[in-house]
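Reviewing the structure listed below.
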Amino acid sequence: MARYGTVETLTDVVQAVEGATDAFRVTLAGGHSIDARRLILAHGVRDVLPDLPGVAEAWGRTLLHCPYCHGHEVRNRPLAVLAVHPMAGHQATMLRADWSADVTLLTGSGAEIDLSHIGAGHVAVDARPLTALRSDGDSISATFADGSSATFAAIFTQPRVALNGTPATMLGCALADGPLGQFVRVGPMGQTSVPGVFAAGDCARPGHSVTLALGDGAAAGTGCHQSLLFPEMIQPLETA
C-alpha cells in the first residue's frame with residue numbers, strides 16, 4: 001500500500017466511532033481522531049481457542065481449522081478432531097470421507113456434540129478428557145487425564161470467533177449469528193445496515209478464508225468508492 005501516495009497507516013486502538021455519512025469520527029487511544037466520509041471495517045475476528053496447554057503453540061501448524069485449507073498436506077495419515085462445539089462431528093465425518101481412513105473425534109472437552117453421522121462414517125470416538133497438546137515437527141500429540149497420549153499428523157478444530165470491541169457495535173451495524181459466532185451483515189457491495197459504513201473479510205461472513213476475504217475487500221472498496229460518486233446507488237442493508 002505504501003506505493004499509493006494517498007495511503008497513511010496508523011498503529012493504534014480504536015476507542016470510539018461516531019457520526020454519519022460524510023461526517024464520521026474515529027477516536028484513537030493515543031488521543032488522535034480521524035474524520036472520514038466513509039468507513040470500511042476489515043478487522044477480522046478473534047479466535048476463541050480451547051483452553052489447553054500447547055494450543056497456542058500448535059495453532060496454524062499442526063492444530064488446524066479447515067480441511068479445505070490445510071487437509072491435503074496431511075491426507076492419508078492419522079487425524080483427529082478436537083470437539084469444542086456441535087459441528088465437530090460434521091468435520092470428523094468429512095475428514096473420514098475424503099482425507100484419511102484413520103480419524104478420531106476427541107470429545108473429552110465436554111462440549112455438546114452432534115454424533116448422528118459418526119456411526120455411518122466409521123469415525124473413532126475418544127471421550128477421555130484432554131490435559132494438553134504438544135506440537136512436534138510434522139505431528140501433534142494429545143495428552144489425556146489418565147497420563148496416556150496419542151499422536152496424529154494433525155488435529156482439526158473449529159474455534160468459536162468473537163467480534164469483541166468491533167466498531168460495528170459502536171456504530172449500530174446489524175449483526176448475524178453464524179455457526180462459529182457473530183458476523184457483520186453486509187450486502188453485495190459490502191454495505192452494512194448503517195449508511196456510509198462497509199465491511200469486508202472475516203468480520204463480515206460466517207466462514208473464514210483468505211481468498212474469500214480478498215474478494216470481499218474488492219467488492220467493499222468498489223462499493224465504498226461508488227457511494228462517494230453516486231450517493232443513491234449503494235443503498236444500506238435493511239436491518240430486518
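Predicted model only: the values in this text are computed from it and were never measured.
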- Item | Backbone of Gln191 reached by a side-chain donor or acceptor of Gln235 within 3.5 Å | no
- Backbone N/O of Thr62 and side chain of Ser135: donor-acceptor pair under 3.5 Å: no
- Close side-chain approach of Cys203 to Leu163, heavy-atom, < 4.5 Å: yes
- Kindly indicate whether the side chain of Arg128, heavy atoms from C-beta on, has any atom under 4.5 Å from the side chain of Ser148. yes
- Query: Is there a donor-acceptor pair under 3.5 Å between the side chain of Arg75 and the backbone N or O of His72?
  - Reply: yes
- Are Val123 and Val74 in one and the same hydrophobic cluster, where Ile, Leu, Val, Met, Phe, Trp and Tyr link if side-chain heavy atoms are under 4.5 Å apart? yes
- Item | Side chain Thr143, main chain Thr131, donor-acceptor under 3.5 Å | no
- Message: Could you check whether any side-chain N or O of His85 sits under 3.5 Å from a backbone N or O of Gln158, counting only pairs where one atom can act as donor and the other as acceptor?
- Response: yes
- Task: Check the surroundings of atom CG in Asp51: do more than 12 heavy atoms from other residues, nucleotides or ligands lie under 6.0 Å from it?
- Result: no
- Derivation of the side-chain contact (heavy atoms from CB on, under 4.5 Å) call for Ile34 and Leu10: CA-CA 11 Å; Ile34 301 171; Leu10 293 174; 3.6 Å; yes
- Message: Whether the side chain of Thr157 engages the backbone of Leu82 through a donor-acceptor N/O pair (distance < 3.5 Å, no angle test) should be reported.
- Response: yes
- Item | Leu28 backbone acceptor or donor facing Asp12 side chain under 3.5 Å | no
- Item | Check ion pair Arg38-Asp22 (N to O, under 4.0 angstrom) | yes
- Gln15 side chain to Thr27 main-chain N or O, any donor-acceptor pair under 3.5 Å? no
- Message: Closer than 3.5 angstrom, by distance alone: can the side chain of Ser193 be matched with the main-chain N or O of Ala174 as a donor-acceptor pair?
- Response: yes
